[in-house]
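One structure is given below, encoded as structure tokens.
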Amino acid sequence: RFFGDDLDPQEVSELLGAQPTKSYRKGDVRTRTRSDGVVVRTLPDGSEWIRKYGMWNMKAAWREPADLDSQIYEIFGQLTDDLAVWRDLTSQFKADVFVGLFLKTSNEGISISPDALQIVASRGLKIGFDIYCDCDDKED
């Protein structure tokens, strides 16, 4: 994913060679759809939600059990291999690979192969993790 004040999602798409899962420009009005299907564009005070920065994001399909290697291959297999393009983008914008990891127990683990790490590292990206656990583990 890429973030930045001057980010133009169409330009990023053209450089990477693929369309994002989600994107927006700084200043775009944010909307959300409530569970009843109503589209909401305003905050409780009546003001509109305005995007504070631009964003370009591509998601991988959900995997259970988690398989970060296949998700990295899925995403980067759709994008350019031209490292000059990646250097240009990562010098202009905040960029990372974001992983939301949902654990079933408190002692689960995950690994990433050297090949998958190389794909990420060669593009100048870091990997960030948010780890969640809906654990029923109890200490004795």
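Rounding to the nearest 0.5 angstrom, the gap separating the CD1 atom in I75 from the OG atom in S70 is 10.0 Å. Atom OG1 in T90 sits 12.0 Å away from atom NZ in K126 (nearest 0.5 Å). Taking OG from S113 and CD1 from I72, the interatomic distance works out to 7.0 Å, rounded to the nearest 0.5 Å. Within the model, atoms CZ of R30 and CD1 of I50 stand 11.5 Å from one another, a figure rounded to the nearest 0.5 Å. Taken from CG in L7 to CG in L89, the straight-line distance is 8.5 Å, to the nearest 0.5 Å. Annotation: the span from D28 atom CG to K26 atom NZ amounts to 12.0 Å, rounded to 0.5 Å.
Using a distance-only test at 3.5 Å, with no hydrogens or angles considered, no donor-acceptor pair links the side chain of S13 to the main chain of Q19.
Put simply, V99 and Y73 are part of the same group of oily side chains (I, L, V, M, F, W, Y) that touch within less than 4.5 Å, one to the next. The cluster map of Ile, Leu, Val, Met, Phe, Trp and Tyr, joined by side-chain heavy atoms under 4.5 Å apart, puts V120 and L15 in the same cluster. Both L125 and V12 belong to a single network of hydrophobic side chains, linked directly or stepwise wherever heavy atoms of I, L, V, M, F, W or Y lie under 4.5 Å apart. Residues I110 and F98 do not share a hydrophobic cluster, clusters being chains of Ile/Leu/Val/Met/Phe/Trp/Tyr side chains in contact below 4.5 Å.
The salt bridge (Lys or Arg N to Asp or Glu O under 4.0 Å) contacts involving residues 64-75 comprise R63-E74, E64-K104, where partners must be two or more places apart or lie in separate chains.
Taking the side chain as every heavy atom from C-beta outward, W56 and L16 approach each other to under 4.5 Å. Within the 4.5 Å cutoff, the side chain of S23 has no heavy atoms near those of the M55 side chain. Taking 4.5 Å as the limit, some side-chain heavy atom of Q78 sits within range of a side-chain heavy atom of M58.
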Distance-only criterion, 3.5 Å: show the donor-acceptor pairs between side-chain atoms of residues 79-87 and protein atoms not counting sequence neighbours.
from : atom 1 : to   : atom 2 : distance (Å)
T80  : OG1    : D82  : N      : 3.1
D81  : OD1    : R123 : NH2    : 3.0
D82  : OD1    : A84  : N      : 2.9
W86  : NE1    : T80  : O      : 2.9

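K59 and T21 make their closest contact through N-OG1, 2.8 Å (heavy atoms, listed as atom of the first residue, atom of the second, distance). Of all the heavy atoms in D5 and K52, the pair that sits closest is OD1-O, 3.7 Å. The minimum heavy-atom distance between F93 and D6, with the atom names listed, is CE2-C, 4.0 Å.
Classification of the Y24-Y53 ring pair by plane angle, with boundaries at 30° and 60°, yields tilted.
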